[in-house]
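Accompanying notes for the structure given below.
Any value given below was found using the heavy atoms of this structure, including those in side chains, with hydrogens, waters and symmetry copies removed. Read the numbers this way: they start at 1 and go in the same order the structure lists the ligands and their atoms.
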Amino acid sequence: MPNVVIIGAQWGDEGKGKLVDLLTQDADVVVRFQGGNNAGHTLVVGGEKTVLHLIPAGILHPGKSCVIGNGVVADPEVLCLEIDRLKKRGFLADDGQLVLSFDAHVIMPWHKAIDVAREARAGAGKIGTTGRGIGPTYEDKVARRGLRIRDLLDEARLARKVKERLPGARDELRRLGAADELDEAAVVARYAELGRKVRPYARDAALWLHRAIQSGKSVLFEGAQGTLLDVDHGTYPFVTSSNTVAGNAACGSGIGPTAIDSVIGVTKAYSTRVGGGPYPSELTDATGERLRQVGGEFGATTGRPRRTGWLDALALRYAARVNGLDGLAVTKLDVLTGFPEVKIAVKYRAGGETFDEMPSDLETLERCEAIYETLPGWTENLDGMSRYQDLPANARAYLERLARLVGVKVMAVSVGADRERTIILENPFRK
Ligand code: GDP
Ligand code: IMO
Ligand code: MG
């Protein structure tokens, strides 16, 4: 049975959650492999909205397993809250549905405090992080001083690790001029309690996943953030602290890359970005404001207004390359209805130079402005359109031009937030 990776092809918030929720009907297991609760994945089913930050977007399907892999940084406070909320609504009735890797790193209170304090001090050059402690937790992981889920399950070990780590965290907070509200005994007591709460889910997730794949189950890997936020391949340093590209689905869950059969990139029919960093096709005018209002472009995690702009074919072609995309899922096509014309960035210009491909140098990219190709818009309401041929001719022409510019076929088109409002042209699980 096929194993499929779904990643964001832009700067995050492309509608990954919606697509993962929909395709879960054809998969057995859904895996988050990187990021943490900086993610906000929105699912709308029958008009009812669910926003998930940490638990995979397959959780609304009873009987389907959801795995939080080793590559995720998990805030156990958020995880427990999310579990409680789902249970209150009747989901996750069977604890066996959720698998939490022993090796996922834990976001501790000091990680959050350091993240917020750094951003407060950074002024104009700040990254615009979500303030959830993501960067500092990955730093500790790489520095080999992090705490993992397994450390929460043994109180003596937890106490030892907190004692070891706390002086360094305190020093850092002091240097940042931030308040130190960390009480060692209280931290140990609280995180031991959280450890007891997550214990029913904690497992050797890589082994669990291996066995699932061996037994013929289909796995859907759910990316968080987007390609241009990847710590290696994104617009560094205006990125998140993990690898968001498809290749990390293997590392972040402990399976081999040969288990992956296909990779789908999700893109909006236009573009958005939250936080700082270069964005050549950004619109700061009334058109950008209209995209923000019609598209409801306010962050699912922080509520911040998202920056908006036209679609960027250079960025998408780059995403197609670094992820090895087999197909594109284009979301929010309905938002473009009523624009007299729609544009796609096809080149960049900086000084006297033009670029056909996205420049890898940040300072060059910062100087770039987009050169657009303009296509005619459409006025038809896309509500209820369930077949590709129902779409207005100009909307189809837009999608076909996009596919040609990116060199990747369109496999799904989303025309509304609800699970049902999706046109699947080719289902990666039904090949
Ligand atoms: P994710 O982080 O990639 O899962 O995306 P988010 O959930 O942060 O943001 C996508 C937003 O667009 C959510 O509010 C979704 O409910 C909404 N959405 C997804 N697909 C569509 C669509 O086709 N049309 C419209 N109008 N909204 C959509
Ligand atoms: P989903 O999964 C959009 C952005 C932040 C900031 C940068 C670094 O919902 O698509 P971090 O807190 O990760 O250190 O912030 O990354 N960012 C996102 N933008 N969608 C997300 O997730 C994001 N997660 C992080 O705004 O610019
Ligand atoms: Mg989001």
Practice prompt. Check the side chains of Arg89 and Thr50 for a donor-acceptor pair under 3.5 angstrom, ignoring hydrogens and angles.
Written response: yes
Discussion item. Using modelled atom types and a 3.5 Å cut-off, is there a donor and acceptor pairing between side-chain atoms of Thr227 and backbone atoms of Gly8?
Written reply: yes
Worksheet item: Okay, side chain of Glu14, backbone of Gln10: is any donor-acceptor separation there less than 3.5 Å?
Response: yes
Item to complete: Name the closest protein heavy atom to atom 7 (O) of ligand 1, giving the residue it belongs to and the distance to 0.1 Å.
Response: Thr42 OG1, 2.6 Å
Practice prompt. Would you mind running through ligand 2 and noting each atom that sits below 4.0 Å from a heavy atom of Ala39?
Written response: 1 (P), 2 (O), 9 (O), 22 (O)
Worksheet item: Quick one: do Lys343 and Glu373 make a salt bridge, cutoff under 4.0 Å?
Response: no
Worksheet item: Just by distance, do the side chain of Asp21 and the backbone of Leu43 share a donor-acceptor pair under 3.5 Å?
Response: no
Discussion item. Any N/O/S atom from Ala224 (main chain or side chain) under 2.8 Å of the Mg ion (ligand 3)?
Written reply: no
Worksheet item: Between Gly416 and ligand 1, does any nitrogen or oxygen pair lie at a separation below 3.5 Å?
Response: yes
Discussion item. Quick check against the 3.5 Å criterion: does Asp115 have a side-chain atom that pairs as donor or acceptor with the backbone of Gly133?
Written reply: yes
Worksheet item: Any luck finding a side-chain donor-acceptor pair between Ser242 and Gln34 under 3.5 Å?
Response: yes
Worksheet item: For ligand 1, which part of Lys332 has a heavy atom less than 4.0 Å away: the side chain, the backbone, both, or neither?
Response: both
Item to complete: Any chance you could lay out the side-chain hydrogen bond (donor to acceptor under 3.5 Å, both in side chains) test for Ser271 and Trp310, step after step, and finish with the verdict?
Response: CA-CA 6 Å; Ser271 64; Trp310 293 119; over 6 Å; no
Worksheet item: What protein heavy atom sits nearest atom 4 (O) of ligand 1, and how far off is it?
Response: Gly17 N, 2.8 Å
Worksheet item: Does Gly15, backbone or side chain, put an N or O under 3.5 Å from an N or O of ligand 1?
Response: yes
Discussion item. Yes or no: does Gly40 have any heavy atom under 4.0 Å from an atom of ligand 2?
Written reply: yes
Discussion item. Using a plain distance cutoff, I'd like to know if Ser414 has any nitrogen or oxygen under 3.5 Å from a nitrogen or oxygen of ligand 1.
Written reply: yes
Worksheet item: Which ligand 2 atoms does Ile127 reach within 4.0 Å, using its non-hydrogen atoms?
Response: 8 (C), 27 (O)
Worksheet item: Would you say the side-chain atoms of His61 and Thr24 include a donor-acceptor pair closer than 3.5 Å?
Response: no
Practice prompt. Could you tell me the residue and atom name of the protein heavy atom closest to atom 19 (C) of ligand 1, and the distance to it rounded to 0.1 Å?
Written response: Lys18 CD, 4.1 Å
Practice prompt. Return the residue, atom name and 0.1 Å-rounded distance of the protein heavy atom closest to atom 27 (O) of ligand 2.
Written response: Val274 O, 3.0 Å
Worksheet item: Considering only the protein, which heavy-atom contact is closest to atom 13 (O) of ligand 2, and what is its distance?
Response: Thr240 OG1, 2.6 Å
Item to complete: Name the closest protein heavy atom to atom 24 (N) of ligand 1, giving the residue it belongs to and the distance to 0.1 Å.
Response: Asp334 OD1, 2.8 Å
Response to the item:
The salt bridge (Lys or Arg N to Asp or Glu O under 4.0 Å) partner of Glu297 among Arg292, Lys268, Arg307 is Lys268
Practice prompt. Please state which part of Phe238 comes within less than 4.0 Å of ligand 2, counting heavy atoms only: side chain, backbone, both or neither.
Written response: neither
Discussion item. Contact between Val330 and Leu399 at the side-chain level, heavy atoms closer than 4.5 Å - yes or no?
Written reply: yes
Worksheet, complete the sentence: Closest to atom 6 (C) of ligand 2 (heavy atoms only, candidates Gly275, Pro136, Gly128) is Gly128
Worksheet item: Any donor and acceptor pair, going by atom type alone, linking the side chain of Glu119 with main-chain N or O of Ile127 inside 3.5 Å?
Response: yes
Discussion item. Are Leu209 and Val29 packed together at the side-chain level, in the sense that at least one heavy-atom pair is separated by less than 4.5 angstrom?
Written reply: yes
Practice prompt. For ligand 1, find out whether one of its N or O atoms is nearer than 3.5 Å to an N or O atom of Lys16.
Written response: yes
Worksheet, complete the sentence: Quick note on ligand 2: atoms under 4.0 Å from a heavy atom of Arg304 include exactly 5 (C), 26 (O)
Worksheet item: N/O to N/O below 3.5 Å, does that happen between Val44 and ligand 1?
Response: no
Practice prompt. Could you establish whether Lys16 and ligand 2 come within less than 4.0 Å of each other, counting only heavy atoms on the residue side?
Written response: yes
Discussion item. Distance under 4.0 Å to a non-hydrogen atom of Trp11: what atoms of ligand 2 satisfy this?
Written reply: 3 (C), 19 (N)
Worksheet item: Should you measure from each heavy atom of Glu14, which atoms of ligand 1 turn up under 4.0 Å away?
Response: 3 (O), 5 (O)
Item to complete: Specify side chain, backbone, both or neither for Val415, according to which of its non-hydrogen atoms lie closer than 4.0 Å to ligand 1.
Response: backbone
Worksheet item: In terms of side-chain heavy atoms, does Thr374 have a donor or acceptor partner in Glu341 at a distance below 3.5 Å?
Response: no
Practice prompt. Heavy-atom distances under 4.0 Å are what count here, so tell me which part of Leu229 touches ligand 2: side chain, backbone, both or neither.
Written response: side chain
Fill in: Within-cut-off N or O pair, Gly40 and ligand 1, under 3.5 Å
yes
Fill in: Which segment of Val239 sits under 4.0 Å of ligand 2 when only heavy atoms are counted
backbone
Worksheet item: With a cut-off of 4.0 Å, which atoms of ligand 2 are near a heavy atom of Ala224?
Response: 2 (O)
Worksheet entry | His111 side chain to Asp140 side chain, donor-acceptor N/O pair below 3.5 angstrom | yes
Discussion item. Does the Lys NZ or Arg CZ of Arg290 fall within the cation-pi geometry relative to Phe339 - under 6.0 Å from the ring centre and within 45° of the axis?
Written reply: yes
Worksheet entry | Protein residue, atom and distance nearest to atom 25 (C) of ligand 2, heavy-atom basis | Gln225 CG, 3.7 Å
Fill in: Flag for Asp75-Asn37: side-chain donor and acceptor within less than 3.5 Å
no
Practice prompt. Can you figure out which of Gln10, His41, Arg306 has its heavy atom closest to atom 9 (O) of ligand 1?
Written response: Arg306
Fill in: Name, closest N/O/S atom of Asp13 to the Mg ion (ligand 3)
OD1
Worksheet item: Quick one: nearest non-hydrogen protein atom to atom 3 (C) of ligand 2, plus distance?
Response: Asp13 OD2, 3.2 Å
Worksheet item: If you measure from each heavy atom of Arg132 to ligand 2, is any distance below 4.0 Å?
Response: no
Discussion item. Please evaluate residues Ser414 and Lys18 with respect to the criterion side-chain hydrogen bond (donor to acceptor under 3.5 Å, both in side chains), reporting the C-alpha separation (whole Å), side-chain torsions for both, the decisive distance (0.1 Å), and the verdict.
Written reply: CA-CA 9 Å; Ser414 173; Lys18 176 193 159 154; 2.9 Å; yes
Worksheet item: What protein heavy atom sits nearest atom 12 (O) of ligand 2, and how far off is it?
Response: Thr130 OG1, 2.6 Å
Worksheet item: Which residue supplies the protein heavy atom nearest to atom 10 (C) of ligand 1, what is that atom called, and how far is it?
Response: Asp13 O, 3.7 Å
Worksheet entry | Lys126 atom NZ, over 12 foreign heavy atoms within 6.0 Å | no
Fill in: Aromatic ring proximity Trp11/Tyr279, centre distance under 6.0 Å
yes
Worksheet item: So which protein heavy atom does atom 15 (O) of ligand 2 come closest to, and at what separation?
Response: Thr129 CA, 3.3 Å
